[in-house]
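What you see is a predicted model; the values in this text were computed from it and never measured.
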Amino acid sequence: MLALVCVFALTPAADPKPTPNPRQVAEGYVAAALAGQFDDAVKLAEEGKSPAKPESAKKLKELIAAKSLGLPTVLISDKRGYAMAVSDPIGLPEKAPAGADRRCLIFTLKKTKDGKWVLKDIDLSTVDKAETLVKELKTRDPDAKPIPATKS
């Protein structure tokens, strides 16, 4: 009589790398662009959109002209698959009327069908307009919640 014995080795599955949240995607794009790693930046953007072009990442680096940029406000609406990040105000290099020389960058992100967050667009806005956009998002998407910055 022939006996067939199967032995299964149960090993814990390796934890898959967690999917970056919208804050991590926006911060990653900014960090890569400011470091001159434009190819890394565009990998975080939606294919076919402006941020997915290396030229856009280069323009961002030129506009900011700093080593870092804070994103104090990041809101996510899981229900709609939409997120928005607002930068600290930046000074514009060219001459502008009094009070108009400070702008915020607005990063819009979307969740893809496979659950990955990608950068969809980057807009330059006045500080007042950025505050209005945040209020509108909270009104339009009551489930919108902040993603706090991680402590470094």
Side-chain angles (χ1 to χ4, degrees), residues 12-94 96-152:
D15 287 335
K17 192 174 184 179
T19 303
N21 67 38
R23 175 178 285 283
Q24 293 165 327
V25 171
E27 288 176 342
Y29 185 94
V30 170
L34 296 182
Q37 298 169 339
F38 308 121
D39 290 336
D40 291 338
V42 300
K43 290 176 187 173
L44 298 171
E46 182 180 7
E47 191 174 325
K49 299 292 183 180
S50 179
K53 299 175 184 171
E55 305 81 49
S56 293
K58 288 177 189 175
K59 286 180 184 176
L60 181 66
K61 179 181 169 104
E62 292 168 5
L63 177 67
I64 296 172
K67 293 185 181 191
S68 66
L69 177 69
L71 300 176
T73 303
V74 180
L75 294 171
I76 179 175
S77 169
D78 272 322
K79 187 176 180 180
R80 193 160 64 105
Y82 177 87
M84 178 173 58
V86 180
S87 77
D88 284 326
I90 59 172
L92 297 179
E94 64 269 356
D101 60 340
R102 306 286 290 161
R103 297 277 194 260
C104 292
L105 290 168
I106 308 293
F107 299 84
T108 55
L109 301 99
K110 75 173 218 175
K111 196 174 208 176
T112 62
K113 291 179 183 177
D114 63 354
K116 180 180 165 187
W117 286 96
V118 292
L119 184 62
K120 183 178 178 180
D121 196 19
I122 305 171
D123 289 310
L124 193 59
S125 173
T126 65
V127 174
D128 289 342
K129 178 68 174 174
E131 291 172 357
T132 299
L133 290 171
V134 167
K135 288 177 187 172
E136 288 174 355
L137 174 60
K138 289 177 178 179
T139 300
R140 181 182 63 235
D141 297 316
D143 73 312
K145 61 185 185 268
I147 301 175
T150 55
K151 309 259 189 287
S152 4

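A salt bridge does not link Arg140 with Glu136: none of the charged nitrogens is closer than 4.0 Å to a carboxylate oxygen. Ion pairing between Lys79 and Asp143 fails under the 4.0 Å rule for side-chain N and carboxylate O.
Without hydrogens or angle criteria, Arg23 side chain to Leu71 main chain gives a donor-acceptor distance under 3.5 Å. For Lys61 (side chain) and Ala33 (main-chain N/O), no donor-acceptor pair under 3.5 Å exists by modelled atom type.
For the atom pair NZ of Lys135 and OG1 of Thr139, the computed distance is 9.5 Å after rounding to the nearest 0.5 Å. Taking CG of Asp141 as the start and CE of Met84 as the end, the distance is 9.5 Å to the nearest 0.5 Å. To the nearest 0.5 Å, atoms SG (Cys104) and CD (Glu131) are separated by 7.5 Å. Separation of atoms CG (Asn21) and CD (Glu27) is listed at 8.0 Å; rounding is to 0.5 Å. Atom CG of Leu105 sits about 9.0 Å away from atom OG of Ser125, to the nearest 0.5 Å. Taking CG from Leu75 and CG from Leu137, the interatomic distance works out to 5.5 Å, rounded to the nearest 0.5 Å.
At a threshold of 4.5 Å between non-hydrogen side-chain atoms, the residues Leu69 and Ile90 count as touching. When side chains are defined from C-beta on, Leu34 counts as touching Ile64, because their heavy atoms get closer than 4.5 Å.
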Legend entry - Pair Thr112-Asp114, side chain to side chain donor-acceptor pair (under 3.5 Å): steps then yes or no: CA-CA 5 Å; Thr112 62; Asp114 63 354; 2.3 Å; yes

Legend entry - Verdict with reasoning, Val134 to Thr73, per side chain to side chain contact (heavy atoms under 4.5 Å, CB included): CA-CA 9 Å; Val134 167; Thr73 303; 4.1 Å; yes

Inset, instruction - Report the C-alpha distance between Tyr29 and Lys43 in whole Å, list the side-chain angles of each, state the deciding distance to 0.1 Å, and finish with yes or no for side chain to side chain contact (heavy atoms under 4.5 Å, CB included). - result: CA-CA 8 Å; Tyr29 185 94; Lys43 290 176 187 173; over 6 Å; no

Inset, instruction - Report the C-alpha separation of Ile76 and Asp78 in whole Å, then their side-chain angles, then the decisive distance to 0.1 Å, and conclude whether the side chain to side chain contact (heavy atoms under 4.5 Å, CB included) test is met. - result: CA-CA 6 Å; Ile76 179 175; Asp78 272 322; 3.4 Å; yes

Legend entry - Pair Leu124-Leu63, side chain to side chain contact (heavy atoms under 4.5 Å, CB included): steps then yes or no: CA-CA 10 Å; Leu124 193 59; Leu63 177 67; 4.2 Å; yes

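Heavy-atom minimum distance, Pro51 versus Val42: O-CG1, 3.6 Å. Of all heavy-atom pairs between Phe107 and Ser87, the closest is CE1-CB, 4.4 Å. Residues Ser50 and Ser56 come closest through the heavy atom pair O-OG, 2.7 Å. The two residues Glu47 and Ala52 make their nearest non-hydrogen contact at CA-CB, 4.3 Å. Pairing each heavy atom of Ala57 with each of Ala41, the nearest pair is CB-CB, 4.1 Å. The shortest heavy-atom contact between Pro22 and Ile147 is CD-CD1, 3.6 Å.
For the side-chain hydrogen bond (donor to acceptor under 3.5 Å, both in side chains) with Glu46, the qualifying choice from Lys110, Lys120, Lys116 is Lys110, the only one to do so.
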